[in-house]
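In what follows, a structure is listed as structure tokens, so that the remarks can point back to it.
Only heavy atoms go into these numbers, but all of them, side chains included; no hydrogens, no water, no symmetry mates. Naming: A, B, ... by sequence-line order, numbering from 1 per chain.
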2 protein chains.
Amino acid sequence: MKKSTKDIFKKGSYSVKGSLWIEGDGTRFWGPGPVELLEHIESTGSINQAAKEMGMSYKKAWEIVSRLNSMSKEPMVVTATGGEKGGGSSISVAAKAMIEYHHQLRERFLQFLEAETSSLQEMI
Amino acid sequence: MKKSTKDIFKKGSYSVKGSLWIEGDGTRFWGPGPVELLEHIESTGSINQAAKEMGMSYKKAWEIVSRLNSMSKEPMVVTATGGEKGGGSSISVAAKAMIEYHHQLRERFLQFLEAETSSLQEMI
DNA sequence: AAGCGTTATTCCCGTAAAGATATAACGATG
DNA sequence: CATCGTTATATCTTTACGGGAATAACGCTT
């Protein structure tokens with residue numbers, strides 16, 4: 001009798017997981033992290049506050065924004081220094097479109113993972 | 001007019017990428033790395049040589065093997081110390097079944113990524 | 001009994017990634 | 001023109017991870 005996954009796992013608590021991103025020039029640049037950051041920037045109007053809400057250092061947040069802007073045709077985040085409230089940031093229309101696209105992509109990916117997980121569960 | 005991905009990317013050299021693994025008890029344990037390692041162990045009969053062929057340290061290879069064995073119902077790699085050639089390792093029938101399953105899973109995942117990439121290309 | 005190549009395990013070190021800190025520039029407001 | 005909170009950037013520290021060396025055990029061969 002041929003071995004199957006039935007004979008392999010200890011319990012039934014296994015699942016297929018994964019991560020997804022968009023790559024350009026060999027480097028990741030769109031992924032769950034950036035998307036979430038952009039959404040926080042949109043709601044707070046500030047890279048600084050967005051970073052704080054996510055428990056992320058400002059430096060890292062800024063690096064993400066910088067990479068996002070430099071790898072896109074038009075800026076995803078438009079920033080302003082000085083001014084009434086000391087400055088601030090907002091996300092572009094293109095960024096909103098990208099967020100929307102990424103959510104849909106992620107949804108399809110989650111369906112893929114769930115389907116694979118349940119077919120794995122059947123085998124166990 | 002609503003913005004689309006057409007307006008976002010610099011060039012057309014973007015692609016959807018990702019990684020996939022099987023998780024148990026919250027920790028990854030099956031993935032491309034372990035699979036490749038097992039295949040090398042199978043062909044060389046030695047954890048040591050397998051690690052060398054993959055440019056990986058013996059320590060890391062051993063850690064992978066150890067985690068693989070401890071998280072599975074039955075051992076994936078059966079090892080022997082001492083003996084004619086100083087010892088050696090071979091992979092179990094269950095390991096072969098798991099390799100086969102993982103290859104198929106990976107194939108389906110690659111198809112998913114390619115489909116998403118080409119539909120992304122259409123938008124750019 | 002000595003030699004061999006492997007498994008098994010521990011310990012130290014170098015590097016790379018991330019975090020924390022510091023500081024300058026900015027521009028509206030009062 | 002001083003104040004304020006933010007962006008922008010450099011620098012230093014800390015942490016995490018993997019590599020490499022070192023060592024022991026093992027069991028067949030000679």
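- Nucleic acid contact for S66(A): none, since no nucleic acid atom lies under 4.0 Å from a heavy atom of the residue.
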Which protein N or O atoms sit under 3.5 Å from an N or O of nucleotides 27-30 of chain D?
residue: dG27(D); atom: O4'; partner: G83(B); partner atom: N; Å: 3.3
residue: dG27(D); atom: N2; partner: G83(B); partner atom: O; Å: 3.4
residue: dG27(D); atom: N3; partner: G83(B); partner atom: N; Å: 3.2

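- What separates NZ of K60(A) from P of dA16(C) is a distance of 18 Å, to the nearest Å.
- A 4.5 Å side-chain heavy-atom check between P34(B) and W21(B) finds every atom pair outside the cut-off.
- A donor-acceptor pair is defined here as one N or O able to donate and one able to accept, closer than 3.5 Å; no such pair exists between the side chain of E42(A) and the backbone of L37(A).
- Side-chain contact between I64(B) and M56(B): present, with at least one pair of heavy atoms (C-beta onward) separated by less than 4.5 Å.
- Here the nucleotide nearest the side chain of Y58(B), chosen from dT10(C), dT7(D), dT7(C), is dT7(C).
- Comparing W62(B) and K59(A) by the nucleotide of DNA chain C whose heavy atom lies nearest to each, the residue mapping closer to the 5' end is W62(B).
- The side-chain heavy atoms of L120(A) and S15(A), taken from C-beta on, include no pair separated by under 4.5 Å.
- For S89(A), a side-chain nitrogen or oxygen approaches OP1 or OP2 of dT7(D) to under 4.0 Å.
- Between E63(A) atom CD and dT11(D) atom P there is a gap of 15 Å when expressed in whole angstrom units.
- Side-chain contact between K96(B) and I91(B): present, with at least one pair of heavy atoms (C-beta onward) separated by less than 4.5 Å.
- Side-chain contact between E107(A) and H103(A) is absent, with no heavy atoms from C-beta onward closer than 4.5 Å.
- The main-chain N or O of A95(B) is found under 3.5 Å from a side-chain atom of S92(B) such that the two form a donor-acceptor pair.
- No donor-acceptor distance shorter than 3.5 angstrom exists from the side chain of N48(A) to the backbone of Y58(A), with no hydrogens or angles considered.
- Between G55(A) and T79(B), the residue whose closest nucleotide on DNA chain C is further toward the 5' end is T79(B).
- DNA chain C lies under 4.0 Å from no heavy atom of any residue of residues 26-49 of chain A.
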